[in-house]
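Below, chains carry the letters A, B, ... as their sequence lines are ordered, and counting in each starts from 1. What you are looking at is a predicted structure, and each value in this text was computed from that prediction instead of being measured. The figures that follow rest on heavy atoms only: side chains count, while hydrogens, waters and symmetry mates do not.
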Protein chains: 2
Amino acid sequence: MATIDDVAKAVGVSKGTVSSVFSKKRPISQEVTERVLAVAKELGYYPNHVARSLATRKTMIAGLKMPISRDMSLSGFEIQMINGVMKQLAKHGYRVLLDTLPEHDDPTSFSMDPVDGVILLNPRKADPRIDRYGQMGIPIVLVGRPDPDDRSLSYVDNDNEALACEVGRYLLGLGHRSVLFLNTIRDMTVASDRAAGLRRAFAERGLALDDDRIAYYSHEAYGNAAAYGYSALREMWGRLSFTAVITDTDRVALGVYRAARELGIAIPDELSVIALNNDATLAQEMEPQLTAVELYAETLGIEAASLLMDMMAEYEPQQK
Amino acid sequence: MATIDDVAKAVGVSKGTVSSVFSKKRPISQEVTERVLAVAKELGYYPNHVARSLATRKTMIAGLKMPISRDMSLSGFEIQMINGVMKQLAKHGYRVLLDTLPEHDDPTSFSMDPVDGVILLNPRKADPRIDRYGQMGIPIVLVGRPDPDDRSLSYVDNDNEALACEVGRYLLGLGHRSVLFLNTIRDMTVASDRAAGLRRAFAERGLALDDDRIAYYSHEAYGNAAAYGYSALREMWGRLSFTAVITDTDRVALGVYRAARELGIAIPDELSVIALNNDATLAQEMEPQLTAVELYAETLGIEAASLLMDMMAEYEPQQK
DNA sequence: ACAATTCATTAAAGCGGTTTAACGATCAAT
DNA sequence: ATTGATCGTTAAACCGCTTTAATGAATTGT
């Protein structure tokens with residue numbers, strides 16, 4: 001690979017001049033610019049990103065850290081979020097370094113990332129990475145509420161509690177008095193937030209929501225989201241009485257629909273179904289059409305990215 | 001941020017020694033190692049990835065370049081592919097630099113990427129990036145057949161022609177003689193490969209497949225995949241006679257199912273439906289269950305990544 | 001015509017690591 | 001005691017770029 005020195009030598013100018021031609025940070029005469037560009041092209045020279053980053057102390061890369069789910073695959077929600085993040089960062093010339101590597105806590109194998117900022121999706125409880133990036137002076141934005149809640153941290157999240165409460169009110173308003181809630185994985189903060197929100201809606205009417213009316217997803221027990229909905233409905237339909245079921249996602253609802261068809265349950269006459277997240281954007285295509293809450297994961301990603309961009313801009317004068 | 005010099009000075013050893021403690025590339029006595037680690041921890045020192053990359057000429061990052069689709073969102077196929085790529089690269093400590101930035105051809109604004117290798121998804125015809133990376137001496141692997149076909153390029157792809165032919169034979173074997181093919185976007189190489197494969201199956205039986213039996217998706221005309229299936233079936237059902245429809249993906253099939261319900265067409269008695277790609281993994285959940293080809297996009301990603309890893313390993317002795 | 005600006009260019013000092021060649025100390029073999 | 005390895009450590013060169021301070025040429029004002 002040709003370096004900036006090769007070009008400078010060939011053209012007969014200093015490397016500082018060549019540098020300026022490419023970075024456009026200082027005016028260079030038209031004539032010199034053309035000569036430099038011509039030689040650069042001939043030599044196949046492209047500025048070395050790493051060297052430039054070292055000198056400027058900016059990589060124009062943002063890290064996006066995702067938890068590795070059991071099956072190592074991304075949900076629709078995550079995808080949309082990533083999309084939002086990338087879309088927003090791209091506007092300012094930023095790229096995304098995706099990673100799902102588990103963080104080993106061996107300090108010798110941990111290397112500072114080549115990033116100007118980090119977006120951390122679904123942080124673990126008391127996530128050690130948060131402090132680490134703080135220590136390194138790298139701006140960080142969380143997607144999902146941090147636990148324990150730290151006021152000095154920036155994060156974006158949906159108000160899942162309020163959302164679930166809203167859905168609860170809606171169903172109660174329709175006359176439903178007993179529901180089945182097919183919640184997401186138990187140990188996620190969303191899961192408890194939603195349960196709390198739904199309980200609040202019931203409490204407002206002086207009603208209680210028993211624990212056995214809330215089920216939790218588990219990859220081991222059900223295999224996949226649709227299977228979860230299918231099995232849960234078949235299992236519960238005889239045991240409990242309810243006129244509405246709230247599902248985690250549209251995929252879960254798809255399973256519920258199938259079970260309902262097999263059990264001869266008429267939707268929506270006999271049973272109402274509502275999904276808290278239109279994850280796979282299936283709601284419109286289902287028959288009868290599914291009522292689903294739109295979470296706008298992409299918007300979440302966009303907001304997270306904007307927030308990060310602001311923070312990185314402020315941090316700018318980190319000129320040692 | 002503390003640098004390696006700070007640590008070296010504080011411990012009273014040379015930076016080379018500190019470097020060796022962290023990179024583990026040279027033996028350092030137990031005693032010194034401990035002292036260095038202790039001071040590093042105290043100072044909050046973490047090796048600078050960029051500086052290290054500059055010195056070693058390796059970033060441990062692979063670029064993944066994706067085309068930006070009109071709606072800026074990733075299909076299930078792409079997601080699975082990305083998953084495969086990340087999974088495989090992670091095994092060797094590699095990370096993924098995702099990017100969908102359009103490549104401007106302004107040489108001054110093009111900077112060499114901080115990557116050791118590149119995976120290019122769905123290259124454009126005569127993609128200029130291919131040459132560019134070649135020039136820069138960066139290994140590159142394509143996902144999707146390059147056009148024009150260049151024997152010196154590495155790529156992985158499904159044999160879409162054979163696949164479509166197989167599906168055609170299957171339907172013909174079942175007694176179908178006239179089909180409707182809801183193909184993907186016209187100007188993709190997959191689209192023509194599939195059409196050719198299906199035609200071959202028909203030709204084997206001395207049958208022809210008219211052009212009007214192959215429809216092509218377009219974002220503008222249909223909005224989304226399911227709407228494509230829905231509209232296409234409604235539009236064609238009266239005009240043409242066919243006993244089977246081959247769809248691009250399961251989502252398209254979902255739309256076909258809905259239209260069929262509305263038109264009172266019985267699936268599969270009156271109409272068989274088969275999808276060439278179980279994109280959203282909906283096939284199992286549909287009623288009646290959909291027949292769909294599994295493309296194993298993740299496997300494709302894994303293969304692409306393995307190939308790239310091999311190439312990067314060979315390239316190793318690029319010691320200038 | 002002379003001082004005061006402006007402007008493009010340069011030499012050299014970083015940026016924060018790795019790596020090579022040299023070195024003194026320790027140890028085993030002669 | 002002498003030679004030859006082996007081992008941990010170091011000083012200095014290097015990776016490829018940016019940036020600062022200095023310089024000389026060209027332009028402007030008076």
So which nucleotide from [options] ends up closest to the side chain of [X]?
| X | options | answer |
| --- | --- | --- |
| A/Thr17 | D/dC17, C/dT10, C/dG16 | C/dT10 |
| B/Leu54 | D/dG16, D/dT19, D/dT10 | D/dG16 |
| B/Ser14 | D/dT10, C/dT10, D/dT19 | D/dT10 |
| A/Asn48 | D/dT18, C/dT18, D/dG16 | D/dG16 |
| A/Ala55 | C/dT9, C/dG14, D/dC15 | C/dG14 |
| B/Arg26 | D/dT9, D/dT19, C/dG17 | D/dT9 |
| A/Val13 | D/dG16, C/dT10, D/dT19 | C/dT10 |
| A/Val32 | D/dT19, C/dT20, C/dT9 | C/dT9 |
| B/Lys15 | C/dT19, C/dG17, D/dG16 | C/dG17 |

Would you say [N] has OP1 or OP2 under 4.0 Å from some side-chain N or O of [X]?
| X | N | value |
| --- | --- | --- |
| B/Lys25 | C/dT18 | no |
| A/Ser29 | C/dT9 | yes |
| B/Tyr46 | C/dG17 | no |
| B/Arg52 | C/dT18 | yes |

If I take atom [atom1] in residue [X] and atom [atom2] in nucleotide [N], what distance separates them, rounded to the nearest angstrom?
| X | N | atom1 | atom2 | value |
| --- | --- | --- | --- | --- |
| B/Phe22 | C/dG17 | CZ | P | 9 Å |
| A/Met60 | D/dC17 | CE | C1' | 16 Å |
| B/Ile28 | C/dT19 | CD1 | C1' | 13 Å |

Verdict with supporting geometry, A/Ile130 and A/Leu142, side chain to side chain contact (heavy atoms under 4.5 Å, CB included): CA-CA 9 Å; A/Ile130 299 178; A/Leu142 310 182; 4.0 Å; yes
Taking the side chain as C-beta and beyond, is there a heavy-atom pair between A/Met309 and A/Lys91 under 4.5 Å?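 In short, these two side chains do not touch, never coming nearer than 4.5 Å.
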Give me the one residue out of B/Ile185, B/Asn122, B/Asn160 that meets side-chain contact (heavy atoms from CB on, under 4.5 Å) with B/Val190.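 Single pass found, and it is B/Asn160.
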